[in-house]
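Here, residue 1 is the first one in the sequence, and each next residue gets the next number.
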Amino acid sequence: MGFDPHEPEQRSQLKDALSAADITVGELWLRYFSMSGSAGEYEVHAYLQGLISLPVTQRDLLALACNEMIAETPPTYAPYADQIVGAEPDDVPSGEVRRRDAPPS
């Protein structure tokens, strides 16, 4: 089985997504395997290193597993002034930001 022309780019972008989302190969493989993925964890490691090729359906299943894990990660937001602990935004010392659920210091 040889590489298709899009495989290196798909692999590169999958690796970038895993890194950005702080997802390990083991975590990815477990999700992928639970979705009926047929490659073993060792093969997924080898694929991500560019050592072996995987069929399109298996590569797409890896991408789906990664995307689902990313979608489950709660987003991080910057607070608005009315979300700062305290009665008025002007009461918070300059540079200090606390969440509403944070205990007062």
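- Annotation for Y32 and A39: closest pair OH-N, 2.9 Å, computed over non-hydrogen atoms.
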What's the verdict on side chain to side chain contact (heavy atoms under 4.5 Å, CB included) for Y47 and E7, showing C-alpha distance, side-chain angles and the deciding distance? CA-CA 10 Å; Y47 165 72; E7 188 169 7; 3.2 Å; yes
Could you go through residues 15-24 and list every donor-acceptor pair under 3.5 Å that involves a side-chain atom there, pairing it with any protein atom two or more places apart or in another chain?
{"residue": "K15", "atom": "NZ", "partner": "L48", "partner atom": "O", "Å": "3.3"}
{"residue": "T24", "atom": "OG1", "partner": "E27", "partner atom": "N", "Å": "3.0"}
{"residue": "T24", "atom": "OG1", "partner": "E27", "partner atom": "OE1", "Å": "3.3"}

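- Residues W29 and H45 fail the side-chain proximity criterion, which asks for heavy atoms closer than 4.5 Å.
- Nearest heavy atoms, A78 versus Q83: O-OE1, 4.2 Å.
- At a threshold of 4.5 Å between non-hydrogen side-chain atoms, the residues T57 and L61 do not count as touching.
- Considering all non-hydrogen atoms of both residues, L28 and C66 come closest at CD1-N, 3.7 Å.
- If you chain together hydrophobic residues whose side chains sit under 4.5 Å apart, V56 and L54 never meet in one group.
- Contacts classified as salt bridge (charged side-chain N to carboxylate O under 4.0 Å, His left out) and involving residues 61-78 (residues at least two apart or in different chains) are given here: R31-E68, R31-E72.
- Atom CG of L14 sits about 11.5 Å away from atom CD of E9, to the nearest 0.5 Å.
- Between R59 and D4, the shortest heavy-atom distance links the atoms NH2-OD2, 2.7 Å.
- Taking CD of E43 as the reference point, atom OG of S38 lies at 9.0 Å (rounded to 0.5 Å).
- Atom CD1 in I52 sits 8.5 Å away from atom OH in Y42 (nearest 0.5 Å).
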